[in-house]
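Okay, structure first, notes after.
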Number of protein chains: 2
Amino acid sequence: MNLKQLSELLGLSQTTVSRALNGYPEVNEATRERVLQAVKETGYRPNKAAQRLATGKAGSIGLVMPTAPGHQSDVHFGEFLAGLGEEAVRHDFHFVIMPSDPDDEVAALRRLAISGNVDALFIAYMRGHDPRLAMLKSLSMPYVVHGRSFGAEPDYPYLDIDNEGAFYDATRLLLQLGHTRFALMNGPMHLDFAIRRRNGVISALAERGLTLEEDCMSHALMTDEQGLLAMERFLQLPERPTAILCSSTVMALGAIRAVNQAGLRLGEDISLIAHDDVLPLLKPENFSVPLTTTRSSLRAAGVRIAQRLIGTVKQAGPFPEQELWKTELIVRASTGPAPQQS
Amino acid sequence: MNLKQLSELLGLSQTTVSRALNGYPEVNEATRERVLQAVKETGYRPNKAAQRLATGKAGSIGLVMPTAPGHQSDVHFGEFLAGLGEEAVRHDFHFVIMPSDPDDEVAALRRLAISGNVDALFIAYMRGHDPRLAMLKSLSMPYVVHGRSFGAEPDYPYLDIDNEGAFYDATRLLLQLGHTRFALMNGPMHLDFAIRRRNGVISALAERGLTLEEDCMSHALMTDEQGLLAMERFLQLPERPTAILCSSTVMALGAIRAVNQAGLRLGEDISLIAHDDVLPLLKPENFSVPLTTTRSSLRAAGVRIAQRLIGTVKQAGPFPEQELWKTELIVRASTGPAPQQS
DNA sequence: GTTGGGTGTCAAAGCGCTTTGAAATTTCTG
DNA sequence: CAGAAATTTCAAAGCGCTTTGACACCCAAC
């Protein structure tokens, strides 16, 4: 069933039917009713490709999904997508996901944009001096960045959380509890958020004249396994750290296992603060020792970014170009006063 | 830059350029070279919407993502998508994801299909007597189902794992170890895999004249939290089960916490076998007591389904319509002989 | 020297929609 | 009740691509 058939069925021109469907004022209410009725009966749906060709708009947001054999999928990706989707469904938008080798993301993004398949772009997993920014600017297509790119002029539309502030505050709390030996379990070091979190820790420590040694930092994929390995390394250091900052609750899971296996007690021998993206599968309050966290909902960020993107496409703006969300520091039982020097 | 401009630039007709680009034989090799060279220089990309309108093909796979405020995202979704993507990127296919309220999936699927935006469909989260199957059959668009629908004639193209066999085997192992009191922590009970896993357990028990009591079964979202709650319930039963079957490693995480909190030892007081979808974030071999699992890679399933889908669209078939993958039973330390009756 | 079969190229139609500019119809005004 | 204004409908062009059918050209064959 296409427009032509439908209009013949109704004895109207395609123009009138199209206008009736798209809410134009210059069509009789009675006619509109008839058209709507016929649509219901026939199940007619406009062909999106044709619509897009004619209007240049397609009601879709494009994003690149890094993937390759051996490339680990990321829990956070799904959660964020759920947020985007929650908003998209309200506006009848959909997503076009272009899978791409992680090494080929700039090109994949360009292909996606030029393909004419999408109205707006979303990008994430930002790196320091991210080469995608220049590409996006040259594109004249709306986009929003999740995160920022350390070292690049912050003149692009983004939504980010205050990673530096979060880890600064967390570190301060641990300092106030008397800790002096710190370690940081971070995400991959080329990623922007990892850089900023490290800086947050370092600057809080610097205020007390402390430094973060190289061997008290780990940069790795944020999995259970890497958490375990990193913590095992920390625990074997001659000057064992007592305060651990951790970039993810998933990673914290492995870290805590290492603490337990070493016969140490969380919240007493070792204090730990993890960043919580509010993943439904893993709640920090349900850990056997509930986790102190810096919290910011990834999903909420997804909803907001979708709002901005869709709003821009629909000219519903203006939206703020830059948003920086504060995180919450939620104190639970995994943090406690520094143990007495033994 | 579009075809017309490109052809004018080259002094050729659109036809010739189009043919050169699409590898048709009736074009001079020298001409083809010239065209390819120009494409490289100008960065020309064909407009996908126009291509799709002209050919009816778009190089895309459609899927519906259930989402709504309050609807929990699912770790497995991201992992599966990574598998789909891994294969799709090899064929320059992309995905169109239509977010939909979980209650509206049939309609969303229909919209997606009729929109003309996709060449093939993929569906998952199958339920018993799933209403989407009838819809898909009426659609004349290729599709592959991940999972099956209990109670429906198995005459649709699917890829599933042998859930019943997996849990049957796991139960048999525990029976051989002398266990007699069983409990099952399952996924939501309307889902097909949950039904089949339960049946697997029940039939293995029946062979020994045992039954699975109602209070030894839990059906819930497969999260850490639900695992904790379910296990706590089991442990408070007057006749405490000693053998637990669990539908997910994420759920097992919470379950194990409950076991520890009760002062019991995994692999001694309580034996546990979980189903492992091979999620990169959570490896059963790294648990403090390594987990005995039934294993089947979700990601591999994604790759395979993408193969079938893309192959069908490209007429590269034929593919088997029904595939049932066996799972592996991998014995680690979380299972042991039934404790002596105290 | 005509016929026949490749080979390389082209103009034009068509995919299903939106939108422009004009025409037909109805309604209002003096 | 004529003429203007407003309302409703329409035919046709255009979005960027693929594909059909035709055309010109060249070389081998009779």
Side-chain angles (χ1 to χ4, degrees), chain A residues 1-36 38-39 42-60 92 111 113-119 141 313-315, chain B residues 1-36 38-39 42-60 92 111 113-119 141 313-315:
Chain A
M1 171 67 57
N2 59 25
L3 225 211
K4 191 171 172 195
Q5 293 167 349
L6 183 67
S7 61
E8 279 166 3
L9 190 93
L10 284 161
L12 292 169
S13 75
Q14 298 188 38
T15 313
T16 307
V17 177
S18 170
R19 294 211 148 129
L21 256 35
N22 295 316
Y24 280 68
E26 56 268 72
V27 50
N28 196 321
E29 263 320 308
T31 311
R32 193 191 303 275
E33 277 308 318
R34 259 182 69 214
V35 171
L36 257 32
V39 165
T42 58
Y44 165 80
R45 288 277 149 189
N47 179 308
K48 283 276 181 194
Q51 225 166 15
R52 132 160 301 279
L53 192 55
T55 59
K57 300 278 162 215
S60 69
D92 199 24
R111 276 205 306 280
I114 307 187
S115 78
N117 251 334
V118 301
D119 301 326
M141 170 172 289
V313 171
K314 290 190 167 178
Q315 326 257 34
Chain B
M1 171 66 56
N2 58 25
L3 226 211
K4 192 170 169 193
Q5 293 166 350
L6 184 66
S7 61
E8 279 167 4
L9 190 92
L10 285 161
L12 292 170
S13 75
Q14 297 188 39
T15 313
T16 306
V17 177
S18 170
R19 294 214 148 128
L21 255 36
N22 294 315
Y24 280 67
E26 58 268 71
V27 50
N28 194 322
E29 262 320 307
T31 312
R32 192 191 304 277
E33 277 309 318
R34 258 182 71 215
V35 171
L36 258 32
V39 165
T42 57
Y44 165 79
R45 288 277 149 189
N47 179 309
K48 283 275 181 196
Q51 228 166 15
R52 132 158 301 279
L53 192 55
T55 59
K57 300 278 161 213
S60 69
D92 199 23
R111 276 206 305 280
I114 307 187
S115 78
N117 251 334
V118 300
D119 301 327
M141 171 173 286
V313 171
K314 290 191 168 178
Q315 325 258 35

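First the proteins, then the strands, lettered A, B, ... as listed; each starts at 1.
- Across C:dG21, C:dT9, D:dT18, the shortest atom-to-atom separation from the side chain of B:Q14 is found for D:dT18.
- Taking CG of A:L53 as the reference point, atom CG of B:N47 lies at 6.0 Å (rounded to 0.5 Å).
- Distances shown here put a side-chain N or O of B:S18 below 4.0 Å from the OP1 or OP2 atom of D:dT18.
- Residue A:Q51 places at least one side-chain N or O closer than 4.0 Å to OP1 or OP2 of C:dT18.
- Note on B:T55: only backbone sugar-phosphate atoms sit closer than 4.0 angstrom, heavy atoms only; bases stay farther off.
- Of the side-chain N and O atoms in B:Y24, one or more sit less than 4.0 angstrom from OP1 or OP2 of D:dT19.
- Paired with A:D119 under the rule side-chain hydrogen bond (donor to acceptor under 3.5 Å, both in side chains), one option of A:K57, A:R52, A:K314 passes, and it is A:R52.
- Distance A:L3 CG to C:dT19 P: 12 Å, rounded to the nearest Å.
- If you take CD of A:E8 and P of C:dC17, they are 12 Å apart, rounded to a whole angstrom.
- Listed candidates were D:dC15, D:dC17, C:dA11. Nearest to the side chain of B:T15 is C:dA11.
- When rounded to the nearest whole Å, the span between CG of B:L6 and P of D:dC17 equals 9 Å.
- For the pair B:Y44 and D:dC17, the criterion of a side-chain N or O lying under 4.0 Å from OP1 or OP2 is met.
- Among the atoms of the strands shown, base atoms are found under 4.0 Å from some heavy atom of B:E26.
- Going from atom CZ of B:R111 over to atom CZ of A:R45 covers 6.0 Å, rounded to the nearest 0.5 Å.
- To the nearest angstrom, P of C:dG8 lies 17 Å from CG of B:L10.
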*Steps toward side chain to side chain contact (heavy atoms under 4.5 Å, CB included) verdict (A:M1, B:I114)*: CA-CA 10 Å; A:M1 171 67 57; B:I114 307 187; over 6 Å; no
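- Of all nucleotides listed (D:dC10, C:dT9, C:dT18), C:dT9 comes nearest to the side chain of B:V27.
- For the pair A:N47 and C:dC15, the criterion of a side-chain N or O lying under 4.0 Å from OP1 or OP2 is not met.
- One finds the CG atom of B:L12 at 13.0 Å from the CZ atom of B:R19 (value rounded to the nearest 0.5 Å).
- Listed pair B:T31 / C:dT9 meets the phosphate criterion, a side-chain N or O lying under 4.0 Å from OP1 or OP2.
- Heavy-atom contacts from other residues, nucleotides or ligands closer than 6.0 Å to NZ of A:K4 number 12 or fewer.
- The shortest distance between the side-chain N/O atoms of A:N2 and the OP1/OP2 oxygens of C:dC15 is not below 4.0 Å.
- In this entry the distance linking NZ of B:K4 with C1' of C:dA13 reads 15 Å, nearest Å.
- C:dT19 atom P lies 7 Å from atom CG of A:N22, rounded to whole Å.
- The distance from atom CG of A:N28 to atom C1' of D:dT9 is 10 Å, rounded to the nearest whole Å.
- Distances shorter than 4.0 Å separate some side-chain N or O of A:T16 from OP1 or OP2 on D:dC10.
- Atom CD of A:Q5 is separated from atom P of C:dC15 by 10 Å (rounded to the nearest Å).
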